[in-house]
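Chain letters run A, B, ... following the sequence lines, proteins first, then strands; residues in each count from 1.
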Amino acid sequence: MDSINVHSLLFLLFAAVACAFAVAVVVTSNVVRMAFYLVVSLGATAGLYFLAGADFVGAMQLMIYVGGTLVLLVFGVMLTAQGPFISMRTRAGEWIIAAVVGSSLLGLLLSTAFRVDAWKPPAEAREQTASVTSSRLGGGLLGYRVDRMEQAAAEQADPTLAKNSQGMSGYLMPFEVISVHLLVVLIAAAYLARPKKRVGPREA
Amino acid sequence: MDLASTLPTLLGAAWLLPLASFVIVWLFGPRLGHAGKHAGYVATGAILGSFVLALIALLSWTGKHGVFVEAHHDESHAGAPTAPPRSESSPSKSPVQFRLVAAAAEGEHADYAHYDHEGKAYYTGDWYTLAKFGKLQLTIGYYIDSLTVVMFCMVTLIASCIHFYAQGYMHDELHDVEDHEVTLSDGHHLHRRGRYHRFFQYLSLFCFSMLGVVLSGNMAMTFVFWELVGVCSYFLIGFYIERKSASTAANKAFIVNRVGDFGMLIGMMALWSSLGTFNFGDMAVEDAASGETRSQAGIFSQVRPGPSHELVVPEGMKQAAAATGSEDTERCGYWLLVIAGVGIFCGCVGKSAQFPLHTWLPDAMEGPTPVSALVHSATMVAAGVYLAGRFYPVFAPEALLVIAVIGCITLFIAATIAITAVDIKRVLAYSTVSQLGYMMFALGVGGWVAGMMHLVTHAFFKSLLFMCSGSVIHAVHTNDMTKMGGLRKKMPWTAYTMLVGCLAIAGAGIPFLVGFSGYYSKDAIIAQAIAYKEVNPLWGVTLFVAAGGAATTAFYMFRLWYMTFSGQPRDAHKYDHAHESPKVMYYPLVVLSVFAIAVAWPITIVGDAAEGSPLVHLLNQAVPDGVGSMEGAVRGTLAASVAIPSEHASHVDAIHSAATMLAFSTALGGFLLATLFYGWKYLDPAEVRNQFPQVYRFLWNKWWFDELYDALFVKPAHLLAAVAAWLDKNVLDRIIDGSAKVTLVASRYDDWFDRLFVDGLVNWFGRWTYGVGLAFRRLQTGSVRQYAMFVVLGTVVLFFLLSLFLGTAVGR
Amino acid sequence: MSSALVLLSLVVFLPSVGALALAFFPRKSEDASRWFALATTVVTFLLTAWMAIPGDGKSAQFQLGVAEMQNVFNVSWLPSFGVQYYMGVDGISFPLVLLTTFLSVLAMGAAWPIAKHVKGYCILFLLLETGMLGAFVALDFFLFFIFWEVMLLPMYFLIGIWGGPRREYAAIKFFLYTMLGGVCMVVALLALYFNSDVTKLIGKLSPAEWRATHLLDAYDSRIDAAVTGDARTFKAVELMQADIASGAATEHTFNILAMQQLGQKTDAFDAVLLGGKSIQWWAFVLLFIGFVIKVPSVPFHTWLPDAHVEAPTPISMILAGVLLKLGGYGLIRICYPICPDAAHDLAYFVVTIGVVSMIYGAFAALNQKDFKRLVAYSSVSHMGYVVAGLGVWSAAAATGYDADYWKMGMNGAMFQMIAHGISSAGMFFMVGVLYDRVHHRNLNEFGGLFAKMPVYCCLAWVIFLAGVGLPGLCGFIGEACVTLSVWKFSPVLAVVTAFTVILTAGYILWAFQRVYLGAEYKGPHEEALVPSTWRERAIGATLVAAAILFGVLPYQTVFRYMTPSVDKVVADLVAWQRRDDAVAPAAAMAGASTEPEAATPAANAVSANE
Amino acid sequence: MNLLTEPIGISHYLAVGAVMFVAGAVCMATKRNALGILMGIELVLNGANVNFVAFSSEYLRSGPRASLGLDGQLIALFVIVLAAAEAAVALAIALNFYNNHATIDVDRADDLKG
């Protein structure tokens, strides 16, 4: 019997937590609990990111998602969580349809996931070194790709390859666009959510 | 010990014992003890004797042939001498015995070894000649292989249990009975004499007939006993002859079965007139002219001759094709072969209640519950599957495709109907239909052993379930599950044995470790279905249907259990009067539940090297020649796209573990859903009902099959009958004024045509356009959540279609 | 030979002797008449039953394994026309004779409730029995025809006097139909007679075949006893030739066996008569109509329901059990062997008639409200099997003249005749038992009889299941053999044949449900529904026992008597077919043949075989 | 196969992603609370993100050439950011809806029904 692979063990742990709480989000009908389960699930996902060697993304997940977005959601929950809306039951028929359709989608995705040979686990675990990807990601945003050095070199050597460049292609433009987008969104959100003059239930 | 003479004697005696019991009870029934009480002892004694004899037969079989066939590689066999099976002839009417020739070699896959041998072991011979014309013979004979022996043990064991059980269940019939279901015109309930002895009389006749089907050595004898089990079923369904529903159900059962027999007759005729024999196996016959004994080829070796046992068009069929003036005798003869196969299968469709002839079985629940347990779940309805298995060598791939598709449709339809049924026996009846569909499906996709194994395991757990339901009905005097509930506390034996049955039918087990009997057989079927999908992407949809059926099975079985035994009693009056059944009734339940748990367990018997389930190994000995040794997939001649994978294909590790996981997860899903609805009451079934009224009505009315058949067949038949009678009365007198009438009628038809078609077409088009618009409007529900569902559903369907049509091009 | 004369004459005429004796009985002694008539039938039955014990050929007992006629005797009757008092039995006729005497006993037993003119009834009944038996054993066509007509008259009166409300109508309908058949038959009879010429047989028959026709029996006494063996036969032929040349004897013959030889081996009946068709073609058609009316087959069947509905119970039993069989017997004894060419031509037509009868009768039965009418239509359906089974001429050059399937069909048809004799007589009896009690037959006004008459219902159940064709009972064997043999002849017709099994189950079980099952009786005279009497039980149980016996032991009870003779009929016809196929190409070359048959490869095959 | 001793492959990540994705989709279909649907969307986005990260990782494959490289991680980052933006806007819409209709039940928001 081989010794237990710590990496695999951790993966299983995080994966189980992430999946279980994701399912819990679905199953519970109490919106407050839902929010909590979602936090746990997303947190565990961050752990998965770390395990996959994406430490920066994992950190962002924790900071932006768990720390930011979910706080926003919790606020929303708190603002709307009045008696009848805390737990709203769905009719059983919808559950059945959702279960059937969902399980068929799940079956489809799972069968695809395990079908492609290239996605099978490597024969032996690769040595995992502690790495910091933030600087590489930063470089990547600006168009300096640490991971594409060979390609870049090849393109430099042979200009015909450069036409559809695979080498030093960065994400500066999207990055800028997103920054502006974020700004616009925040303003819009603030505008939408501002209190109206005329407040009160139109219908019971 | 010479098995060639002892086996027929043993099984023949086991076969005739119930007949003796029938004759005794028929002639002296009411005089046997008080009100015929001893008739029950006579019948039970007879079937117990049969069981003991069958057991001895099984032991002597294993003593001679062992449980395990020695496994070896196919490669080692390639160069082996391919002599025809050796025959040992003994004096007059000698049974011919074909030895099992097992080449010695080591198997690598210990669990799923290949059993490749030249000619499986079987014993066949004739006992009695009904009629003889030239070289044609109709005989009563036997064909014994390990399948026969296993079936004999299974049938006699279950029948013995049920005989004991019936002594308790039919106790009321010992004295005068007041039938509460029959109200006379004067408002009173019917009062009648008890018919205890008559019940056991029919039961004995049934056992005799059923064993005859199993033992049968040729098609004619099979047909004889096929009809006899049919008529026994008719008697037993109509046991309460005073109830109109019962006698109608009995008639329906018999007539629907006859529809199947119609096809079976066609198949038999096609075989008979081209092969000139009905014998399954090769038989030694004495040549009248020369007096010497020669071997006459049976159906199987005519269809699959030679060392490789590949399916070929027999010479007789080519000649028959040539007689019709056909050019391509090979192809035409192949057609004949397919017709023969499909025809025989029609008989199986009728008896095993497969779509489209499944409608009789639920109605057959009008009979007493022991009958449902014995006849309509474990034995007679399984005879169709048994025959399909027995006749397997004759089925061309095209015929197998028909079998697979019919099985698949059946298992799906029946499972959906069972969801809504509230009559406890009807749920079980539909479950039976569905499980029989599974077996047929397994046979159709090439899983001979899988199908036969499911036949055996299903017989145990389904008769157990029926007997439990009988016990419940005996206690609460109703079939309606909505009036039960909470009975677990009142009748623990029944409740927990039934739970065993439910777990077994759902195929519960710990994956890769151990499980109830259904776990093994269902896994094998699913595995074969996966293997089938690998070679037939076009028909891969059958796998999904089978998986969905498995989930549905688990759902409705646990729904049944929860509704009956858990929760609060829904009808306090009935609950208060409920009580556990007497010992004579629940002891058989315990016996059967032991078998329902363990019959397929892989127990290693000391002295035998191989691992795996003894049941599987025994069945493996009976795998028809040319089926077990198929390498790769066999393709059809007419429809070349159809391929039947070898059963070895499903033993590949990847497929098998996938099947295990699939079967397990579907069963678990069904179980959880049932628990959500009925166990925890987290979801309310009434809500679902109100939400999908059309679907509910559709299922509640059993897909409107009865109404459909009534309109499609029964009414036209009566109409035709009326026409025939009318012709007789009027054809001579009314010819002249008939012509005037014809003119009148013609003008009326013209008018009718004008209104209906010319006008109707225009109107219809307008309505159609409007209707389509409306239909699309209804899609726009405005509900965000449904839109989300549409997106997901669209994705799934898109991928599904892509895999269906591009499966071969894209995949791998 | 004289023992045969005595025995067969006794069997045939014992009932009429009894009838004669009854005529002297006092009018009032009803019970005595009944018992005497019953005794007569019983004695006749015992005589035939004794004959049925397999013998060794020395006594008059039936000899198994012999295909030819046994117990033959041959006495000149009207020498100028060559009419002889000529009888004998073989495997085809003997089982039917036995069936007749057996059913006569039971029918007489079933006649006890008849209270009107008991003596007259008994006399007519016994005369009827003589007619039936005579028709089965007669080997002279003329004699056969006389017995045929002798049956008709008692039957007419039995229906017309003792029948139900519409008895006159039914009797006349029966009479006219049968007369129409008789006319057809007499025309064919005369056509065959005047074209027959026994001198044409000279040189075509072997000595054994000469002997088998019994044509020369009359000349035996004129030959010196010292001449034996084949020489004796040739001498007799010479004598016959001389007599015919001198005008002392006629060359025409009514001898059925001689006519068969003429039809199969000579061109006596091959001359063109009308519309380009030969004498034998027309004779076949006329005879076929005559016999098929008796069977009866669609479209000549409408007399049957009416006759059955109006006839008293025992007469229905005889009518269904025996009279219908005469049609089938005529086909196999007369139509097919005498007119093989026409039979071969019209084989498809014959089988189609049979199959249509099956399905049409079944459909018509499904719609009946009168119980007896339903049983009558079931007879039409069941007798369709007989016609179909006889006609499945599946031997052909392409299959190497494989006649086994035809043998199977014909044996099955013959078995079906016997089995139907049991089951339909039983069904009519069961209906009669009910009618005696409640005096109506409306299917929808019965129900719940099981509680009131359990033994009777049990017996009825078995009989009706025999009608369904359940294995183990008599109906199965015949139907199975016929059905299985049809495919070889024509798959399309076979499919229709197989379809009938559904309908049969449908109408019988449905009727059974309405009459016997259910909770309570829905019709009038409920108080009259008393349990069955011992007499009724005895008759019913006998029929049930017979049904089971025939179903379980078909070989011992029927086939071992029947098969050799039936097989011989088939073998003779197939031998004719071989010869005909071999001759056809030569005839085609001569330009004489009207049918362009592509028989050359077949002829080659024959010559290769020979 | 033993999950504990064998190394982890992309397939396993994809499986986790699939479960989260389906959970999100089912969540969207079954929750009547607008915020529940929002959470479902978050789950769906996360499921997709897991896949991106898995494809970009060089530890889960036999060779580094096969992986998506930094692109996957960058896209994952964008997704996270956009999810934040989406959450903000959606929350604003939900609150607005709540203010106007005094309910958070999306089944009541069927003004677009055809």
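In this structure, L48(A) CG and H12(D) NE2 are separated by 12.5 Å, a value rounded to the nearest 0.5 Å. A distance of 13.5 Å separates CG of L35(D) from CZ of F75(A), quoted to the nearest 0.5 Å. Interatomic distance, L73(A) CG to L91(D) CG, rounded to the nearest 0.5 Å: 6.0 Å. Note that CZ of F78(D) is 5.0 Å distant from CD1 of I178(A), once rounded to the nearest 0.5 Å. Here the CD atom belonging to E94(A) is positioned 8.0 Å from the CZ atom belonging to R32(D), to the nearest 0.5 angstrom. Distance check, rounded to the nearest 0.5 Å: CZ of F21(D) to CG of L106(A) gives 11.0 Å.
When all heavy atoms of A98(A) and T30(D) are compared, the closest pair comes out as CB-CG2, 3.5 Å. Closest approach of M20(D) and A18(A) over heavy atoms only: SD-CB, 4.3 Å. When all heavy atoms of A76(D) and V57(A) are compared, the closest pair comes out as CB-CG1, 3.9 Å. Counting all heavy atoms, side chain and backbone alike, V25(A) lies closest to C27(D) at CG1-SG, 3.9 Å.
Contacts of T28(A) with chain D are made by backbone atoms alone, with heavy-atom separations under 4.5 Å and no side-chain atom involved. For chain A, no part of A94(D) is nearby; none of its heavy atoms comes within less than 4.5 Å. The parts of L74(D) that come within reach of chain A are both its backbone and its side chain, each placing non-hydrogen atoms under 4.5 angstrom from that chain.
Screening residues 9-34 of chain A for ring-ring contact (aromatic ring centres under 6.0 Å, His included) gives F11(A)-Y13(D), F21(A)-Y37(A) as the qualifying pairs, with residues at least two apart or on separate chains.
In terms of modelled atom types and a separation under 3.5 Å, the side chain of S11(D) and the main chain of A113(A) share a donor-acceptor contact.
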Legend entry - Audit row: Y49(A), V50(D), side chain to side chain contact (heavy atoms under 4.5 Å, CB included) steps and yes/no: CA-CA 7 Å; Y49(A) 294 166; V50(D) 169; 4.0 Å; yes
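At a threshold of 4.5 Å between non-hydrogen side-chain atoms, the residues E86(D) and V185(A) do not count as touching. You'll find the side chain of M39(D) reaches within 4.5 Å of the side chain of V77(A), heavy atoms only.
Applying the 6.0 Å contact sphere to CZ of F175(A) captures no more than 12 heavy atoms from other residues, nucleotides or ligands.
Annotation: maximal heavy-atom pairing with chain D below 4.5 Å, among L109(A), V26(A), L110(A), occurs at V26(A). For the options V23(A), L182(A), V101(A), I97(A), heavy-atom pairs under 4.5 Å to chain D are most numerous at L182(A). When V26(D), V53(D), I93(D) are compared by the number of non-hydrogen pairs under 4.5 Å with chain A, V53(D) comes out ahead. With chain A as the partner, the residue from V19(D), L95(D), I80(D) showing the most heavy-atom pairs under 4.5 Å is I80(D). Per-residue heavy-atom pair counts under 4.5 Å with chain A were compared for N51(D), L82(D), N49(D), and the maximum is reached by N49(D). Comparing G76(A), A16(A), A15(A) by heavy-atom pairs within less than 4.5 Å of chain D, the highest count is held by G76(A).
A donor and an acceptor atom, one from each side chain of Y65(A) and E42(D), are located under 3.5 Å apart.
Of the candidates L77(D), V79(D), N46(D), Q61(A) forms a side chain to side chain contact (heavy atoms under 4.5 Å, CB included) with just one, namely N46(D).
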